[in-house]
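Chain identifiers are assigned alphabetically (A, B, ...) following the order of the sequence lines, protein sequences preceding nucleic acid strands; residue numbering begins at 1 within each chain. Note that this is a predicted model, so its numbers are computed, not measured.
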Amino acid sequence: MKKQVLILCTGNSARSQMGEGILRHEGGESYDVFSAGVKPTHVRAEAIAAMQEVGIDISGHRSKSVDDLAGQSFDYVITVCDNARDNCPVFPAKATQIHWSLEDPAAVEGTAEQRLAAFRRIRDELRGHVTTFLRDNSGKS
Amino acid sequence: MPGLRGSRVVKRRVLIVCTGNSARSQITEGLLRHEASDQYEVFSAGTHPAAVRPEAVTVMAELGIDISAQRSKPVAEFERQQFDFVITVCDRAREECPVFSGETQRLHWPFEDPANFTETGEARLDAFRRLRDRIHARVMVFLGEGTYGSEEKR
């Protein structure tokens, strides 16, 4: 039985989408991964591009509302928002709550190059968090 | 930084081609210009130019990008011009994709032809939005390709 993981942010457009893609890619054999936002918008093109650069296709992902997952049970709920600036969403569930504080790359304005650089930076931070998560939770039943 | 010659930026010329120059190539033109008009001069054309699809104009306007003044043009209009990139955005399996000669880098980004969209109303606009978003992601990958490798080596 795979562990159920929900990754949560505000827009479900950048951080939680990349996190979902990375965790599924790295640990999909042990985890069912979902993502959602409190104010779903659309998956940012820069997120799809930054993920494609590391060989992960999230082009089929959609921004989804956390309301659509109400009633579903999860083993882990991971919030990926910026402590300093966001209101971090709360998902009331009997789950291990984990928080990764990450800046919102979608908030970066500028040239395409500057925006892509911001998304790559957050993508790489997420890869680090996912590696740690998988290491810390391997072997737990 | 690519395209920099002294203090003057030499823009690279891009021609985007599909069949009708009515949706895919128009959307791509609008997105590439929107994202990187400082680096690229962008044109589009079709092998069988028709008219710009109103749905394409609508879904681009949703991103704040106005392509209402773009028109469908035949590839022949550009035959004698030089381009750094010629990008075909048609579905090679099912359509006739033009071949451009000359010193140009040819790229192929296959996208399905919206002429085959069977949806109506809002579902039809949704299909155009999905197409727009797929093209947008491809454009960002293209724009990132010049910088990603060098960043990895840091």
Chain B-proximal positions within residues 22-47 of chain A [heavy-atom distance under 4.5 Å]: A/Ala45, A/Glu46

- prompt: Using non-hydrogen atoms only, which part of B/Arg129 is less than 4.5 Å away from chain A: side chain, backbone, both, or neither?
  reply: neither

task: Can you measure from CZ (B/Arg130) to CZ (A/Arg62) and round to the nearest 0.5 angstrom?
output: 6.5 Å

field: Cluster overlap A/Val80 with A/Val108, hydrophobic side-chain contacts below 4.5 Å
entry: no

- prompt: For atom CD of B/Glu122, is the number of surrounding heavy atoms from other residues, nucleotides or ligands below 6.0 Å larger than 12?
  reply: yes

- prompt: Honestly curious: do B/Val52 and B/Ile65 fall in one hydrophobic cluster under the side-chain, below-4.5 Å linking rule?
  reply: yes

- line: Checked A/Ala49, A/Ala50, A/Ser59 vs chain B; the most non-hydrogen pairs under 4.5 Å come from A/Ala49

message: Nearest 0.5 Å, please: how far is CG in B/Asp133 from CD1 in A/Ile48?
response: 7.0 Å

task: Please say whether more than 12 non-hydrogen atoms of neighbouring residues, nucleotides or ligands are located less than 6.0 Å from CD in A/Glu103.
output: no

field: Evaluation steps, side-chain contact (heavy atoms from CB on, under 4.5 Å), between B/Met140 and A/Leu116
entry: CA-CA 8 Å; B/Met140 295 311 296; A/Leu116 275 169; 3.9 Å; yes

task: Evaluate the side-chain contact (heavy atoms from CB on, under 4.5 Å) criterion for residues A/Arg115 and B/Glu35: first the C-alpha distance (whole Å), next the side-chain angles of each, then the deciding distance (0.1 Å), finally the verdict.
output: CA-CA 10 Å; A/Arg115 280 178 283 130; B/Glu35 294 289 3; 2.3 Å; yes

message: If hydrophobic clusters are built from ILVMFWY residues whose side chains come within less than 4.5 Å, do B/Leu63 and B/Val141 share one?
response: no

